[in-house]
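The structure appears below as structure tokens.
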Amino acid sequence: MAVLNVSPTRMELTRMKKRLAVAVKGHKLLKDKRDELMRRFLDMIRETKELRGRVEEAIREANHGFALTAALLRREALVSALMLPKQSVSLDIASKNVMGVEVPVFSIQQKTPGEDALSYGYAFTSGDLDNSIMRLSKILPELLLLAQQEKTAQLLAAEIEKTRRRVNALEYIMIPDYRDTIRYITMKLDENERSNLTRLMKVKDMMVEKQIEIRRRQAGH
Amino acid sequence: MYSIGVIGDYDSICGFSALGFDIFPVESAERARKELRALAGGGYGIIYITEPFVEELEADCALYEERPVPCVIPIPACTAALGAGEARLKRYVERAVGSDIIFGEQ
């Protein structure tokens, strides 16, 4: 039992009752927020996991192609083929509000859209290189989506952790503390009331006794 | 407007230059750390890093976790897969839920 350090007065009692009501309401709201965040987070994680699997697979295949190319070509040829890219991207970041968490939304603009983005002629390179680059450019949207989803998952996880802490603090510390304090003040006030009553009764008894004494003395005379 | 950067060993990341990403080939974790810092402060919105470097730069990557930008994402290198990306997702689940309830299923 943890009683807050307050003086047991009627005013404190009303104040505590108000705070308890606010805490209970806040607890319910935060709990709802946590549950909804959690639901979205778990959906998102499942999606992201699948997406990551696909992207990793594609990158691995592309890397395989690059390795083959590197084996076939002289290194200088490979480096010079990829040295001056024709393509360039710029990334636009908007933000979206998910349950009070600002999460990014990525979109990109390519300088030369479409498939024809190879920065070299076909004469001195192998087909593996072309295939690998095609494969990579095909997963570009997914690569972007992966970044967006992982960031969102990251931010949601942080927010859930924070909300969970708040819910627990309210549920296990604040609310019981307020309840205990209210109980303590109520008991203290009741006790005061009772002691007052007994005092009055005692005083009354004393006065009555005095009166009886006086009457008895008068009757004796 | 932001750019997209890729950090890793040359063989794993050379293809990304054809997509229009800026590639930053590095050999050591120390160079990778320097590049990461430079990119994070230099208008890069997404930074892809190959798995071996992600594992070595754990603390540096964690620095950018709470911020909306930049977004640091592990990608597989041409060497063996390490599963660093999945491990990261797993960590998020543990952080949010308290224990891993998704990746432990398999």
Side-chain angles (χ1 to χ4, degrees), chain A residues 37-38 41-42 45-46 48-49 52-53 55-56 59-60 62-67 70 78-79 82-83 85-93 95 102-104 106 108-112 117-119 129 132-133 135-137 140 143-144 146-148 150-151 153-158 160-161 164, chain B residues 1-6 8 10-23 25 43-48 50-51 62 64-81 83-86 88-98 100-103 105-106:
Chain A
L37 272 175
M38 194 72 101
F41 174 76
L42 290 178
I45 280 285
R46 282 200 190 96
T48 311
K49 190 180 144 208
R52 176 161 271 283
V55 169
E56 283 193 0
I59 292 181
R60 221 166 278 138
N63 276 340
H64 189 68
F66 283 120
L78 178 64
V79 172
L82 294 169
M83 191 149 43
K86 225 158 86 184
Q87 184 73 276
S88 81
V89 292
S90 59
L91 176 72
D92 202 13
I93 304 182
S95 76
E102 289 285 319
V103 300
F106 297 137
I108 55 164
Q109 278 161 2
Q110 290 179 307
K111 202 174 76 183
T112 41
L118 297 181
S119 55
L129 186 60
S132 295
I133 288 179
R135 205 165 265 149
L136 278 186
S137 66
L140 179 61
L143 210 53
L144 218 62
L146 179 69
Q148 181 181 316
E150 289 208 350
K151 194 75 196 178
Q154 213 169 54
L155 294 170
L156 283 184
I160 289 174
E161 196 190 18
R164 204 184 50 212
Chain B
M1 276 299 164
Y2 294 89
S3 319
I4 302 176
V6 190
Y10 184 81
D11 290 333
S12 305
I13 63 169
C14 59
F16 289 101
S17 73
L19 303 185
F21 294 1
D22 299 338
I23 60 169
Y44 282 83
I46 307 178
I47 303 167
Y48 295 100
T50 55
E51 281 179 350
Y64 306 109
E65 294 217 334
E66 309 267 304
R67 302 193 213 159
V69 180
C71 178
V72 180
I73 304 293
I75 51 169
C78 60
T79 49
E86 197 139 294
R88 225 166 63 119
L89 288 181
K90 191 177 151 154
R91 220 175 57 229
Y92 297 159
V93 177
E94 273 167 9
R95 185 168 179 197
V97 185
D100 171 32
I101 56 170
I102 303 243
F103 293 92
E105 286 167 3
Q106 302 129 2

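Nothing here was measured: the structure is a model prediction, and the numbers come from that model. Chain naming here is simple, since letters A, B, ... match the order of the sequence lines and numbering starts at 1 in each. These values consider heavy atoms only, across backbone and side chains, with no hydrogens, waters or symmetry-generated copies.
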At a 4.5 Å cut-off on heavy atoms, which part of [X] comes close to chain B: side chain, backbone, both, or neither?
X       : value
A67(A)  : neither
S132(A) : neither
L136(A) : both
A62(A)  : neither

Interface residue of largest heavy-atom contact number with chain B, from L146(A), D92(A), V103(A), under 4.5 Å:
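So the answer, after comparing L146(A), D92(A), V103(A), is D92(A).
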Only pairs of heavy atoms separated by less than 4.5 Å count here; which of P104(A), G65(A), A147(A) has the most with chain B?
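Of P104(A), G65(A), A147(A), A147(A) has the most heavy-atom pairs under 4.5 Å with chain B.
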Among [options], which residue forms the greatest number of heavy-atom pairs with chain A at distances under 4.5 Å?
options                : answer
F21(B), Y10(B), Y44(B) : Y10(B)
S12(B), P74(B), G98(B) : P74(B)
V97(B), V72(B), I75(B) : V97(B)

Under the salt bridge (charged side-chain N to carboxylate O under 4.0 Å, His left out) test, which residues partner R52(A), sequence neighbours left out?
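With neighbours one apart ignored, the set is E56(A), E150(A).
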For the student: nearest non-hydrogen atoms of [X] and [Y], plus distance:
X       : Y      : result
M1(B)   : S90(A) : SD-OG, 3.7 Å
A157(A) : R95(B) : O-CG, 4.5 Å
I108(A) : I4(B)  : CG2-CD1, 4.0 Å
G45(B)  : I93(A) : CA-CD1, 4.1 Å
Q154(A) : E65(B) : OE1-O, 3.1 Å
N63(A)  : D11(B) : OD1-O, 4.2 Å

Using non-hydrogen atoms and a 4.5 Å limit, figure out which bit of [X] sits close to chain A: side chain, backbone, both or neither.
X      : value
Y48(B) : side chain
P70(B) : backbone
R88(B) : side chain

Are any non-hydrogen side-chain atoms of L144(A) and I46(B) less than 4.5 angstrom apart?
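A side-chain contact under 4.5 Å exists here.
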Check whether any side-chain N or O of Y92(B) sits under 3.5 Å from a backbone N or O of I45(A) as a donor-acceptor pair, and report yes or no.
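Pair absent, no side-chain N/O of Y92(B) close to backbone of I45(A).
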Main-chain N/O of A96(B) paired with R164(A) side-chain donor or acceptor, under 3.5 Å:
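Here the side-chain-to-backbone pair exists.
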Inspect the surroundings of CD in Q109(A) and state if more than 12 heavy atoms from other residues, nucleotides or ligands are less than 6.0 Å away.
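No, because the 6.0 Å sphere around CD of Q109(A) holds 12 heavy atoms or fewer from other groups.
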Within 6.0 Å of OH in Y2(B), more than 12 heavy atoms from elsewhere:
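At most 12 heavy atoms, drawn from other residues, nucleotides or ligands, come within 6.0 Å of this atom.
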